[in-house]
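What follows is a set of notes on a single structure, which appears directly below.
This chain uses plain numbering: 1 for the first residue, then up along the sequence.
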Amino acid sequence: PGAAPGRKGGAPPDALRPDAWIRVPRAREVGQSWATTVVSTARATAAAFAVALRHRPDLVIANGPGTCLPVLAASWLFGARCIFVESWCRVKELSLTGRLVYPWAHRFVVHWPGLVEKYPRAEYLGRIC
């Protein structure tokens, strides 16, 4: 159900309705002090584990900010395949989140071919945005 004609699987028809989305608290707000980051990251991690345990996703695609790290980690631990898409503005080096996720993400996508030379597991797929 919900698949395009001639295709197996696919998202349920109501999956893209905004009221079907699940909100997970951010691990850290921009400009938040490092002292309070521990508490907000713990709260985000607990929420991410609860969502991953309840919904058991098959695949999680995330991009950029560290706020996605708890969701990726929890989903990965419950068996989901994880794809991380690095920020477009990362031309020469990976972001902190990228460096943390790179060793264990199932696929790691970058927007610049030069990053593949430094990070051989990375995939450059051409322009994707």
Side-chain angles (χ1 to χ4, degrees):
R7 296 182 71 192
K8 293 181 181 178
D14 61 347
L16 297 179
R17 286 191 354 254
D19 62 333
W21 298 359
I22 300 164
R23 184 177 292 261
V24 176
R26 289 179 59 107
R28 181 174 184 268
E29 296 290 338
V30 174
Q32 181 180 351
S33 77
W34 289 106
T36 62
T37 297
V38 173
V39 173
S40 60
T41 300
R43 191 176 85 237
T45 302
F49 270 84
V51 169
L53 180 62
R54 180 172 182 211
H55 294 280
R56 300 288 179 137
D58 295 319
L59 172 69
V60 175
I61 302 172
N63 69 317
T67 191
C68 74
L69 194 55
V71 173
L72 279 174
S75 300
W76 182 83
L77 286 170
F78 286 111
R81 294 188 55 79
C82 295
I83 299 173
F84 181 79
V85 181
E86 181 59 280
S87 171
W88 183 82
C89 67
R90 292 301 179 157
V91 177
K92 296 180 181 180
E93 296 289 331
L94 299 180
S95 64
L96 175 58
T97 306
R99 292 191 307 266
L100 293 170
V101 170
Y102 179 77
W104 53 269
H106 292 95
R107 293 184 74 177
F108 191 95
V109 179
V110 295
H111 294 275
W112 298 97
L115 286 171
V116 176
E117 295 170 19
K118 290 178 83 171
Y119 304 95
R121 285 190 57 245
E123 299 176 59
Y124 171 68
L125 304 176
R127 185 175 176 180
I128 60 173
C129 60

Electrostatic pair Arg99:Glu93 at N-O distance under 4.0 angstrom: no

From Thr97, Val109, Leu94, residue fulfilling side chain to side chain contact (heavy atoms under 4.5 Å, CB included) relative to Phe84: Thr97

Side-chain donor or acceptor of His106 paired with backbone N/O of Cys82 under 3.5 Å: yes

Aromatic contact, Tyr102 with Tyr119 (centres under 6.0 Å): yes

Straight-line distance of Ile83 CD1 to Asn63 CG, nearest 0.5 Å: 12.0 Å

Path from Leu125 to Leu59 over hydrophobic side-chain contacts below 4.5 Å: yes

Donor-acceptor under 3.5 Å (Arg121 side chain, Ala105 main chain): yes

Arg54 side chain to Val51 backbone, donor-acceptor under 3.5 Å: no

Any donor-acceptor N/O pair, Trp76 side chain to Arg81 backbone, under 3.5 Å: no

SG-NE2 distance between Cys89 and His111, expressed to the nearest 0.5 angstrom: 9.0 Å

Glu86 side-chain N/O to Phe108 backbone N/O, donor-acceptor pair under 3.5 Å: no

Please tabulate, one pair per line, all N/O donor-acceptor pairs under 3.5 Å involving side-chain atoms of residues 31-39, not counting sequence neighbours.
unit_1, atom_1, unit_2, atom_2, d
Gln32, OE1, Glu29, N, 2.8
Gln32, NE2, Thr36, O, 3.2
Gln32, NE2, Thr36, OG1, 3.1
Gln32, NE2, Ser40, OG, 3.0
Ser33, OG, Thr36, N, 3.4
Ser33, OG, Thr36, OG1, 3.1
Thr36, OG1, Ser33, O, 3.1
Thr37, OG1, Arg28, NE, 3.4
Thr37, OG1, Ser33, O, 2.8

Leu53 side chain reached by Phe78 side chain, heavy atoms, under 4.5 Å: yes

